[in-house]
Amino acid sequence: MSIELKDISKHFGAVTAVNQVSFSVEDGELMALLGPSGGGKTTVLRMIAGLEVPSSGDIYVRGQRVNDVSVQQRNIGFVFQNYALFKNMSVFKNVAFGLRIKKWKRRDVRDRVEELLALFGLEDLGPRYPHQLSGGQRQRVAIARALATKPSVLLLDEPFGAVDAKIRQELREWLVTLHHELNVTTIFVTHDQEEAMEVSNRIVIFSRGNLEQIGTPRQVYEEPANEFVARFIGVINVLELEVRQGVARLNELEFPAHGVPEGQRLRIGFRPYAVQISSNLQLYRYRATLRHTFFLGVMLRVELELPSGLTIRARMTKEEYAHLGLEDGAYVSFQIRQYRILAKEGMPLAPETASTQDAIVYGEGI
Ligand code: ATP
C-alpha cells in the first residue's frame with residue numbers, strides 16, 4: 001500500500017474542510033479525488049504533500065507515519081494549480097530545479113532532464129522560457145519537474161484546469177500513457193466527473209468534507225453509495241414515490257416494495273440505459289410518447305413522456321433506434337430493468353426534493 005489516510009480531519013477555524021476521512025491508495029494506482037468545489041479535495045492533497053497539517057488522524061506513506069515528516073522528506077512530487085513554472089528559468093532549469101536542490105552531480109542532472117524531456121515529448125524545448133510555451137506544454141513541464149527526483153508519489157491538483165477542451169483531452173490521454181510507462185502512484189484532483197471516469201483506476205468522491213464513496217469508475221456509476229453520488233456521476237432519473245400496499249407508486253409507475261410500511265416515501269433512481277424501449281406496444285408494461293431525440297456520438301438520448309405527463313430519460317445506440325424504426329412522437333412501450341432505492345423517508349434526503357410531477361434528471365452527458 002502506498003498511501004493511507006486514517007480518520008483525517010482538518011478544521012480551518014469554524015470550517016471543517018475535511019471530516020474524518022479514511023482511504024488508501026495502492027502502489028501504482030492512478031486515483032482521482034472528485035467532487036464539487038469546496039468539497040475538501042485540495043485540502044486532502046495538501047495534507048498528503050505535507051503542506052497542511054491534519055487537525056486529527058494519521059497519514060502513512062509506504063507504511064511510515066508522515067504527520068511530522070517535512071515536505072522535502074516525504075519524497076512526493078506535486079503540481080498544484082498555483083505552482084506555476086519559474087518564469088525566469090528555461091524549461092531545462094525548471095525541470096532541473098529539484099535535482100540541483102538535492103545537489104545531484106551536473107552530469108546526472110543533465111542526463112535526467114534530457115531523459116524526462118524526451119519522455120514528455122519536449123526534447124527541443126529545453127532552452128525556452130515558460131512564456132514561449134503553450135498551456136499544454138507548460139503543464140507537461142510542470143509534471144516533468146515534479147517527477148525529476150523520482151518521487152514515490154505524484155500529486156496533481158486540477159492538472160488540466162487551465163487549458164482548453166481539446167488540449168485537455170490530449171493531456172488526459174497523455175497522463176494515462178505516462179502512468180502506464182512510469183507506474184508512479186498518482187493522485188489527482190478534479191471536479192470533472194468525465195475526466196475522473198476516463199483517467200483513473202479508482203475514484204474517491206467528496207462532498208462538503210465527507211468521503212461519499214470510493215470505487216472504480218464502474219462501481220461509482222453502477223452502484224452509487226447514495227443519492228449524492230448517483231446524481232454527481234452521469235445522468236440519472238430520480239423519482240419520489242409513496243408506498244401503498246407493498247407497492248411504491250408515482251403516477252402510473254410502480255415498483256415492488258414488500259414489507260415497506262404503508263405511506264412511506266421512497267426515492268429511487270435509474271440510469272437512462274436501464275430503460276428498455278420497444279415499438280411493440282404489447283412487449284413492455286408501460287406506454288409513453290417519444291419526445292426529443294438527442295444524438296450524442298454513437299449513443300442517442302430520448303425523452304419519454306408518459307400519459308400522466310411524467311417524463312423520463314432513456315438512451316440507446318443509433319442502431320437500436322434505427323432497428324426499432326422509431327421517430328419523435330412515436331408511441332412506444334417500455335420497462336425499467338434496473339433501479340436503486342436512493343433514500344427512504346427518515347433517512348437524509350438530498351437537498352433538492354423531487355417534484356411528484358416530473359422525474360428529475362441530473363447531470364450532463366449520457
Ligand atoms: P475546489 O475544487 O474549489 O478547489 P476543494 O474540493 O479542493 O474545492 P478545498 O480547497 O479543500 O476544496 O476547501 C475545502 C473547504 O475548506 C472550503 O470551504 C474552503 O473554503 C476551506 N478552506 C480551504 N483552505 C482554507 C484555508 N487556508 N483557510 C480557511 N479555509 C480554507
Side-chain angles (χ1 to χ4, degrees), residues 3-25 29-59 61 66-67 70-71 74 76-84 135 138-139 142-143 146 153-165 168 171-172 175 186-200 202-215 217 220 224-234 350-351 362-365:
I3 296 174
E4 191 173 7
L5 276 72
K6 279 193 179 158
D7 273 336
I8 290 290
S9 294
K10 178 70 186 177
H11 311 290
F12 294 106
V15 176
T16 300
V18 177
N19 187 21
Q20 300 217 301
V21 162
S22 302
F23 68 92
S24 52
V25 186
E29 242 188 317
L30 178 48
M31 180 87 117
L33 306 186
L34 173 69
S37 186
K41 310 177 295 291
T42 298
T43 306
V44 166
L45 212 64
R46 289 174 60 82
M47 287 191 284
I48 296 171
L51 295 165
E52 209 73 74
V53 182
S55 306
S56 60
D58 295 311
I59 300 180
V61 176
V66 295
N67 288 45
S70 73
V71 180
R74 287 194 192 190
I76 288 177
F78 44 83
V79 179
F80 283 103
Q81 278 168 309
N82 50 358
Y83 267 68
R138 249 178 259 150
Q139 279 312 85
I143 295 176
V153 176
L154 177 65
L155 306 178
L156 306 170
D157 189 0
E158 294 274 358
F160 316 132
V163 291
D164 66 39
R168 202 180 164 104
L171 283 171
R172 282 181 193 173
L175 180 65
T186 304
I187 309 178
F188 75 101
V189 162
T190 179
H191 59 262
D192 180 336
Q193 45 122 340
E194 229 180 83
E195 185 161 290
M197 301 284 276
E198 195 179 310
V199 173
S200 63
R202 283 198 301 160
I203 303 178
V204 192
I205 299 173
F206 288 95
S207 130
R208 298 192 201 146
N210 296 307
L211 190 160
E212 299 287 346
Q213 187 169 4
I214 177 164
V220 297
N226 54 39
E227 185 164 346
F228 172 81
V229 175
R231 289 164 47 178
F232 195 69
I233 304 279
Y362 298 99
E364 289 305 318

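First listed ligand is number 1; within each ligand, the first listed atom is number 1. Values reported hereafter were calculated over all heavy atoms of this structure, with side chains retained and with hydrogens, waters and symmetry mates removed.
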| query | Can you tell me which residue and heavy atom of the protein come closest to atom 12 (O) of ligand 1, and the distance to 0.1 Å? | reply | G40 N, 3.1 Å
| query | For G38 and ligand 1, does the shortest N/O to N/O distance drop below 3.5 Å? | reply | yes
| query | Donor-acceptor pair, S22 side chain versus D7 backbone, under 3.5 Å? | reply | yes
| note | P36 heavy atoms within 4.0 Å reach ligand 1 at atoms 6 (O)
| Looking only at atom types and distance, does a side-chain atom of R74 sit under 3.5 Å from a main-chain N or O of I48, one as donor and one as acceptor? | yes
| Polar proximity ligand 1 side, T42 side, N/O cut 3.5 Å exclusive | yes
| query | Is T190 reaching over with its side chain to a backbone N or O of L34, donor-acceptor style, under 3.5 angstrom? | reply | no
| query | Going by heavy atoms, is G35 under 4.0 Å from ligand 1? | reply | no
| query | Could an N or O of ligand 1 be found under 3.5 Å from any N or O of F12, whether backbone or side chain? | reply | no
| query | Does any N or O atom in E158 lie less than 3.5 angstrom from one in ligand 1, N or O only? | reply | no
| Residues E195, R168; criterion salt bridge (Lys or Arg N to Asp or Glu O under 4.0 Å); working and verdict | CA-CA 9 Å; E195 185 161 290; R168 202 180 164 104; 3.1 Å; yes
| said: Between V71 and F78, is there a side-chain heavy-atom distance shorter than 4.5 Å? | reply: yes
| request: Please check atom 20 (O) of ligand 1 for a protein heavy-atom neighbour under 4.0 Å. | output: no
| query | Is G39 close to ligand 1, meaning an N/O of one under 3.5 Å from an N/O of the other? | reply | yes
| Residue and atom name of the nearest protein heavy atom (relative to atom 13 (O) of ligand 1), distance in Å to one decimal | T43 OG1, 3.8 Å
| query | What is the closest protein heavy atom to atom 16 (O) of ligand 1, and at what distance does it sit? | reply | A17 CB, 3.2 Å
| query | At what distance is the nearest protein heavy atom to atom 18 (O) of ligand 1, and which residue and atom is it? | reply | V15 CG1, 4.0 Å
| request: Check for a donor-acceptor pair, side chain of N67 on one end and backbone N or O of I59 on the other, with a separation under 3.5 Å. | output: yes
| Identify the closest protein heavy atom to atom 3 (O) of ligand 1: which residue and atom is it, and at what distance? | S37 OG, 2.6 Å
| request: Verify, without hydrogens or angle tests, whether K41 (side chain) and P36 (backbone) share a donor-acceptor contact under 3.5 angstrom. | output: yes
| request: Kindly give the heavy-atom pair with the smallest separation between M31 and S200, and that separation in Å. | output: C-CB, 4.2 Å
| Under the 3.5 angstrom rule, does the side chain of Q213 hit a backbone N or O of I203 as a donor-acceptor pair? | no
| message | Below 3.5 Å, N or O to N or O, backbone or side chain included: is there any such pair between K41 and ligand 1? | response | yes
